[in-house]
Amino acid sequence: KKIMLAVPTYGYQYEVTWANGVTTYKRLRSETFMQAMNLGDTVNTAPTRNSAGELSFVFASSTAIDVSPGLMYNVNSTTSPPLFTTSTTGATPTTRFVSFSDAGSINDKIKLAKKYGLRGVVFFKMDGETDPGIWEELK
């Protein structure tokens, strides 16, 4: 009854590459719900629900961004790349992956807190950039 579940209301944009059985995720920037939805519109891609329960989409970009090694994550992959990645042998375009929270993913986390009898949930960043549908989930 003392533990609360911290829930972010934003997500991240990653550059994703694959080489020699390793998928590399470079975290480029945070994305609020509104920023992510606008970016999806700009690149003409509608977000879909991913296996983590968040909204996500993939797009290609020719803009290279350097990041700190602390923001890079390597995941051992199978011998073939994930369906949405590019190889590190081709410099451009790069594959970008955006994953972010919305009212549906927030609802899943509220249910999880109730299931395990937690004290409740606390949100990171409740401002005008969140999914307006979140307020309905809080009723």
Side-chain angles (χ1 to χ4, degrees):
K1 293 293 180 186
K2 294 182 180 181
I3 297 173
M4 296 185 74
L5 179 62
V7 180
T9 60
Y10 55 89
Y12 291 104
Q13 183 180 146
Y14 301 89
E15 179 181 294
V16 184
T17 57
W18 181 88
N20 302 321
V22 176
T23 304
T24 301
Y25 294 85
K26 293 181 184 176
R27 190 171 71 196
L28 303 178
R29 63 180 57 92
S30 62
E31 299 280 353
T32 66
F33 174 81
M34 296 298 188
Q35 289 170 331
M37 294 300 286
N38 289 337
L39 178 59
D41 288 344
T42 299
V43 298
N44 199 28
T45 303
T48 58
R49 189 94 34 218
N50 62 33
S51 62
E54 295 187 338
L55 291 180
S56 64
F57 59 91
V58 175
F59 68 101
S61 175
S62 59
T63 305
I65 298 175
D66 289 327
V67 300
S68 164
L71 297 177
M72 293 175 59
Y73 309 93
N74 294 318
V75 178
N76 289 331
S77 303
T78 60
T79 55
S80 60
L83 295 176
F84 64 85
T85 62
T86 56
S87 171
T88 56
T89 58
T92 58
T94 61
T95 301
R96 300 286 174 86
F97 171 67
V98 179
S99 180
F100 57 102
S101 294
D102 71 325
S105 62
I106 296 293
N107 181 279
D108 290 344
K109 291 171 179 80
I110 291 170
K111 288 178 183 176
L112 189 66
K114 288 179 180 179
K115 176 181 175 181
Y116 289 104
L118 302 181
R119 181 174 179 188
V121 296
V122 60
F123 296 102
F124 292 167
K125 197 171 175 337
M126 287 298 281
D127 59 12
E129 291 288 308
T130 59
D131 180 355
I134 289 175
W135 299 107
E136 287 299 314
E137 302 302 332
L138 299 178
K139 290 183 177 181

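Note that the structure is a prediction, hence the values are computed from the model and not measured.
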Check: Do the side chain of Ser30 and the main chain of Tyr12 share a donor and acceptor less than 3.5 angstrom apart?
Finding: no
Check: For Phe100, what are the other residues in its hydrophobic cluster, where any two members join if their side-chain heavy atoms are less than 4.5 angstrom apart?
Finding: Phe33, Met34, Met37, Leu39, Val43, Leu55, Phe57, Phe59, Val98
Check: Of the non-hydrogen atoms in Ser101 and Ser105, which two are nearest, and what is the gap between them?
Finding: CA-OG, 3.3 Å
Next item on the list: Find the distance between CD (Glu54) and CG (Asp108) and round it off to the nearest 0.5 Å.
Entry: 10.0 Å
Checklist line | Separation between OG1 of Thr9 and NZ of Lys109, rounded to the nearest 0.5 Å | finding: 10.5 Å
Next item on the list: Locate the shortest heavy-atom distance separating Ile110 from Glu137; write the atom from each residue and the value.
Entry: CD1-O, 3.9 Å
Notebook entry, point to check: Is there a donor-acceptor pair closer than 3.5 Å between any side-chain N or O of Thr24 and the backbone N or O of Thr17?
Noted result: no
Check: Hey, does Thr23 have a side-chain heavy atom less than 4.5 Å from the side chain of Val16?
Finding: yes
Next item on the list: Drop me the distance from Glu31's CD to Gln13's CD, to the nearest 0.5 angstrom.
Entry: 5.0 Å
Item checked: Sequence-distant partners of Glu136, salt bridge (charged side-chain N to carboxylate O under 4.0 Å, His left out), two or more places apart -> Lys139
Next item on the list: Indicate yes or no for a side-chain donor-acceptor contact from Thr94 to the backbone of Ser61 under 3.5 Å, with no hydrogens or angles considered.
Entry: yes
Next item on the list: Begin with the C-alpha distance, continue with both residues' side-chain angles, and end with the deciding distance and a verdict on side chain to side chain contact (heavy atoms under 4.5 Å, CB included) for Phe123 and Thr130.
Entry: CA-CA 11 Å; Phe123 296 102; Thr130 59; over 6 Å; no
Margin query: Side-chain heavy atoms nearer than 4.5 Å, only ILVMFWY residues, links allowed to pass through others: does that put Val122 and Val7 together?
Written below: no
Next item on the list: With rounding to the nearest 0.5 Å, note down the distance linking CD1 in Ile134 to CG in Asn107.
Entry: 10.5 Å
Notebook entry, point to check: How would you list, by chain and number, every residue that makes a salt bridge (charged side-chain N to carboxylate O under 4.0 Å, His left out) with Arg119, sequence neighbours excluded?
Noted result: none
Checklist line | Listed partners of Asp41 passing side chain to side chain donor-acceptor pair (under 3.5 Å), at least two apart | finding: none
Next item on the list: Go through the structure and list residues passing side chain to side chain donor-acceptor pair (under 3.5 Å) with Asn50, not counting sequence neighbours.
Entry: Ser56, Ser99
Next item on the list: State which residues pass salt bridge (charged side-chain N to carboxylate O under 4.0 Å, His left out) with Lys114; sequence neighbours excluded, sorted by chain then number.
Entry: none
Check: Looking at CG of Asp131 and CD1 of Ile106, how far apart are the two atoms once the value is rounded to the nearest 0.5 Å?
Finding: 8.5 Å
Margin query: For a quick test of reading the model, state the closest non-hydrogen atom pair linking Arg27 to Tyr14 and the distance between them.
Written below: CA-CD2, 3.7 Å
Check: When you look at CG of Asp127, are more than 12 heavy atoms from neighbouring residues, nucleotides or ligands closer to it than 6.0 Å?
Finding: yes
Notebook entry, point to check: Which heavy-atom pair separates Met4 from Val121 by the least distance, and what is that distance?
Noted result: CE-O, 3.6 Å
